[in-house]
Amino acid sequence: MKEFKKKVLFIGDVHGLTEWDNIAMGGLKNFYEIVFLGDYVDSFFVSAAQQIANLRDLITFLRKHQDVATALLGNHDYAYIYGYSGISGHQHYHIQEYRKIFQDNIDLFKIAWGFTGKDGKYTLATHAGLTSEFWNKFVVPEFNEGKWLHTITDGKKPDEIPMHETLNYLKDKGDVLWKVGRARMGAGTPGPLWADYTEVLDDPYPGINQVFGHTPRASVTVDHIDNNFLACVDSWGNKRIVSLLLSL
């Protein structure tokens with residue numbers, strides 16, 4: 001049975017800013033679904049104490065509105081949870097505190113969100129975007145016989161499972177997800193926590209719409225490729241939060 005069209009409000013990288021609250025509450029009043037695109041911490045101009053308080057407020061909001069609100073993990077958040085370093089703005093004196101907050105509430109956070117609209121078009125949301133190369137090089141091989149992903153999906157093939165569900169199976173698999181491309185000073189294929197906007201634009205996964213944050217832009221940027229769109233929702237310099245409302 002096809003799902004009904006709905007309105008979804010995507011909220012870009014928070015990075016310690018509190019204005020997400022007004023944006024999200026406004027969305028709820030209009031009966032929108034809310035999707036946060038990750039990176040809730042590591043601001044250069046908001047104190048650690050304020051960021052921690054803000055993160056706790058966000059978690060309280062998510063607990064209260066789990067039926068209509070989804071929070072995706074960004075690379076900054078993932079770094080605290082799974083012990084990665086080399087992140088700009090990483091607050092080394094508060095690593096344990098951030099890690100405990102995230103780990104105690106890990107059930108609230110996902111890698112991906114997805115929805116198939118009434119027109120049959122699938123829209124995927126991740127923190128940084130999904131490239132075709134990443135999917136084919138690192139995800140599809142995990143479905144091969146004997147691989148763990150093949151086992152937990154009861155032998156289903158990649159095209160038999162919603163893409164966001166597959167990516168969410170990878171949540172604790174940092175060896176797969178923590179891939180940094182050349183645009184972000186890495187040396188390989190960019191993953192959905194790290195892909196730069198330009199890398200997604202150059203190699204988007206075909207046939208789907210995508211919404212992501214991670215790469216600061218002066219405003220929300222929407223590019224159309226064939227019959228699909230790529231929407232980058234992140235603030236310029238992380239000094240304000242931007243959002244995008246879509247009817248899917």
Side-chain angles (χ1 to χ4, degrees), residues 8-28 33-66 68-113 125-129 167-168 171-172 174 177-178 184 191-195 211-217 220 232-244:
V8 186
L9 182 65
F10 297 91
I11 299 177
D13 300 27
V14 170
H15 285 298
L17 298 175
T18 60
E19 61 191 281
W20 65 265
D21 190 20
N22 289 333
I23 298 172
M25 292 306 296
L28 292 182
E33 184 171 340
I34 311 295
V35 178
F36 293 92
L37 296 174
D39 277 2
Y40 308 103
V41 295
D42 289 350
S43 170
F44 286 105
F45 53 89
V46 179
S47 71
Q50 289 177 298
Q51 291 185 70
I52 290 170
N54 191 42
L55 178 58
R56 293 188 187 280
D57 288 343
L58 176 68
I59 286 171
T60 298
F61 174 87
L62 294 170
R63 285 276 174 218
K64 185 176 180 180
H65 301 289
Q66 290 184 66
V68 292
T70 299
L72 305 183
L73 286 171
N75 57 311
H76 286 263
D77 320 310
Y78 202 88
Y80 286 110
I81 298 169
Y82 296 107
Y84 288 92
S85 59
I87 304 294
S88 61
H90 201 62
Q91 298 178 18
H92 299 280
Y93 294 109
H94 300 278
I95 288 175
Q96 295 305 321
E97 190 168 5
Y98 279 126
R99 180 174 297 163
K100 179 171 173 50
I101 294 172
F102 279 117
Q103 288 184 339
D104 286 351
N105 298 280
I106 194 63
D107 61 299
L108 294 175
F109 296 93
K110 298 181 178 180
I111 296 298
W113 173 97
T126 59
H127 173 62
L167 291 171
N168 286 327
K171 186 164 73 172
D172 63 348
L177 287 176
W178 198 261
R184 293 300 179 109
L193 293 174
W194 269 106
V211 182
F212 47 88
H214 184 61
T215 302
R217 311 289 293 174
V220 173
C232 184
V233 185
D234 191 9
S235 60
W236 185 255
N238 302 127
K239 292 186 177 181
R240 65 188 180 95
I241 298 174
V242 293
S243 60
L244 174 67

Check your understanding: Is any side-chain heavy atom of P216 closer than 4.5 Å to a side-chain heavy atom of D234?
Key -> yes
Review point. What distance separates S243 OG from F36 CZ, expressed to the nearest 0.5 Å?
Key: 10.5 Å
Practice item. For Q103 and I81, indicate whether the former's side chain and the latter's backbone hold a donor-acceptor pair under 3.5 Å. Key: yes
Review point. Looking only at heavy atoms, which two atoms of G129 and A195 are closest? And how far apart?
Key: O-CB, 3.8 Å
Point to revise | Heavy-atom closest pair, residues D13 and G213 | key: OD1-CA, 3.7 Å
**Study point:** Rounded distance (nearest 0.5 Å) linking atom CG of L62 with atom CG of D57
**Key:** 11.0 Å
Practice item. Check I111 against N168 and note the closest heavy-atom contact, atom names and distance. Key: N-OD1, 2.8 Å
**Study point:** Gap between atom CD of Q66 and atom CG of L108 - 0.5 Å precision
**Key:** 5.0 Å
Review point. How are the rings of Y40 and F109 set relative to one another: parallel (under 30°), tilted (30 to 60°) or perpendicular (over 60°)?
Key: tilted
Review point. How about F212 and P192: do any of their side-chain heavy atoms sit closer than 4.5 Å?
Key: no
Got a list of side-chain donor-acceptor pairs under 3.5 Å for residues 20-28, not counting sequence neighbours?
from : atom 1 : to  : atom 2 : distance (Å)
W20  : NE1    : N54 : OD1    : 2.8

Check your understanding: Under the side-chain contact (heavy atoms from CB on, under 4.5 Å) criterion, do I106 and K171 qualify, and how do the steps go?
Key -> CA-CA 10 Å; I106 194 63; K171 186 164 73 172; 4.0 Å; yes
Review point. In Å and rounded to the nearest 0.5 Å, what is the NE2 to CG distance from H214 to N75?
Key: 5.0 Å
Exercise for review: Check whether any side-chain heavy atom of L17 lies under 4.5 Å from a side-chain heavy atom of F45, and answer yes or no.
Suggested key: yes
**Study point:** Shortest non-hydrogen separation from A112 to T126 and the atoms involved
**Key:** CB-CG2, 3.9 Å
Point to revise | Nearest atoms (heavy-atom pairs only) where R99 meets G83 | key: NH2-CA, 3.4 Å
Review point. Would you say H94 and I52 make side-chain contact, with heavy atoms under 4.5 Å?
Key: yes
Point to revise | D107 bridged to R63 by N-O distance under 4.0 Å | key: yes
Exercise for review: Determine whether V68 and I34 make a side-chain contact, defined as any pair of heavy atoms from C-beta on separated by less than 4.5 Å.
Suggested key: no
Review point. Shortest non-hydrogen contact from G74 to H127?
Key: CA-CG, 3.4 Å
Review point. Any side-chain heavy-atom pair from L72 and T70 closer than 4.5 angstrom?
Key: yes
Check your understanding: Rounded to the nearest 0.5 Å, what separation is found between the CG atom of D77 and the CD1 atom of I101?
Key -> 11.5 Å
Study note, to complete from the structure: So CG of L37 and CD1 of I11: to nearest 0.5 Å the spacing works out to 8.5 Å
Review point. What pairs with R240 under salt bridge (Lys or Arg N to Asp or Glu O under 4.0 Å), at least two apart in sequence or on another chain?
Key: none
Practice item. Return the orientation label for the Y82 and Y78 ring planes: parallel under 30°, perpendicular over 60°, tilted otherwise. Key: tilted
Point to revise | Any side-chain heavy-atom pair of H15 and H76 under 4.5 Å | key: yes
Review point. Under 6.0 Å between the ring centres of Y80 and H90?
Key: yes
Practice item. For Q51 and D42, indicate whether the former's side chain and the latter's backbone hold a donor-acceptor pair under 3.5 Å. Key: yes
